[in-house]
Novice: 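So that we are looking at the same thing, I have put the structure below in structure tokens.
This chain uses plain numbering: 1 for the first residue, then up along the sequence.
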Amino acid sequence: MEDKNEVEIVEKTVKTGITFGSALAMVISYANWHSVGWAILHGLMSWVYVIYYVLRY
């Protein structure tokens with residue numbers, strides 16, 4: 001059985017990773033396309049867009 005503290009650490013780590021992925025996706029998108037709209041869309045896609053960008057470019 002997992003310790004409650006371990007579960008909290010995992011939840012915080014996942015939330016931080018998602019937030020960082022969104023921010024990274026928005027920065028990459030805005031730098032590439034110079035559009036706030038695209039940056040928001042790509043921010044919602046988070047790590048999916050980051051991985052796509054790395055593989056594509």
Side-chain angles (χ1 to χ4, degrees):
M1 191 168 193
E2 291 186 34
D3 185 7
K4 185 178 178 182
N5 191 31
E6 289 177 5
V7 173
E8 289 178 9
I9 291 171
V10 170
E11 288 175 353
K12 287 180 183 178
T13 303
V14 169
K15 190 172 185 178
T16 302
I18 292 170
T19 304
F20 178 73
S22 294
L24 182 60
M26 287 189 277
V27 169
I28 291 171
S29 177
Y30 188 78
N32 195 32
W33 301 104
H34 305 290
S35 170
V36 173
W38 280 117
I40 292 170
L41 177 65
H42 294 145
L44 292 173
M45 293 169 44
S46 187
W47 284 107
V48 174
Y49 180 72
V50 173
I51 293 169
Y52 164 78
Y53 184 83
V54 168
L55 294 175
R56 177 78 176 163
Y57 301 99

Novice: Kindly give the heavy-atom pair with the smallest separation between S22 and S46, and that separation in Å.
Specialist: N-OG, 3.4 Å
Novice: Only pairs under 3.5 Å count here: list side-chain donor-acceptor contacts from residues 13-20, not counting sequence neighbours, and write none if there are none.
Specialist:
{"unit_1": "T13", "atom_1": "OG1", "unit_2": "I9", "atom_2": "O", "d": "2.8"}
{"unit_1": "T16", "atom_1": "OG1", "unit_2": "K12", "atom_2": "O", "d": "2.8"}
{"unit_1": "T19", "atom_1": "OG1", "unit_2": "K15", "atom_2": "O", "d": "2.9"}

Novice: Linking Ile, Leu, Val, Met, Phe, Trp and Tyr through side-chain heavy atoms less than 4.5 Å apart, which residues share a cluster with I51?
Specialist: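 The other cluster members (ILVMFWY side chains, heavy atoms under 4.5 Å, direct or chained) are L55.
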Novice: Show me the side-chain donor-acceptor pairs of residues 28-42 shorter than 3.5 Å, one per line, residues at least two apart or across chains.
Specialist:
{"unit_1": "S29", "atom_1": "OG", "unit_2": "W38", "atom_2": "O", "d": "3.4"}
{"unit_1": "S29", "atom_1": "OG", "unit_2": "A39", "atom_2": "N", "d": "3.4"}
{"unit_1": "S29", "atom_1": "OG", "unit_2": "H42", "atom_2": "ND1", "d": "2.6"}
{"unit_1": "W33", "atom_1": "NE1", "unit_2": "Y49", "atom_2": "OH", "d": "3.4"}
{"unit_1": "S35", "atom_1": "OG", "unit_2": "G37", "atom_2": "N", "d": "3.4"}
{"unit_1": "S35", "atom_1": "OG", "unit_2": "W38", "atom_2": "N", "d": "3.4"}
{"unit_1": "H42", "atom_1": "ND1", "unit_2": "W38", "atom_2": "O", "d": "3.1"}

Novice: Are M26 and L24 linked, directly or through other ILVMFWY residues, by side chains that come within less than 4.5 angstrom of each other?
Specialist: no
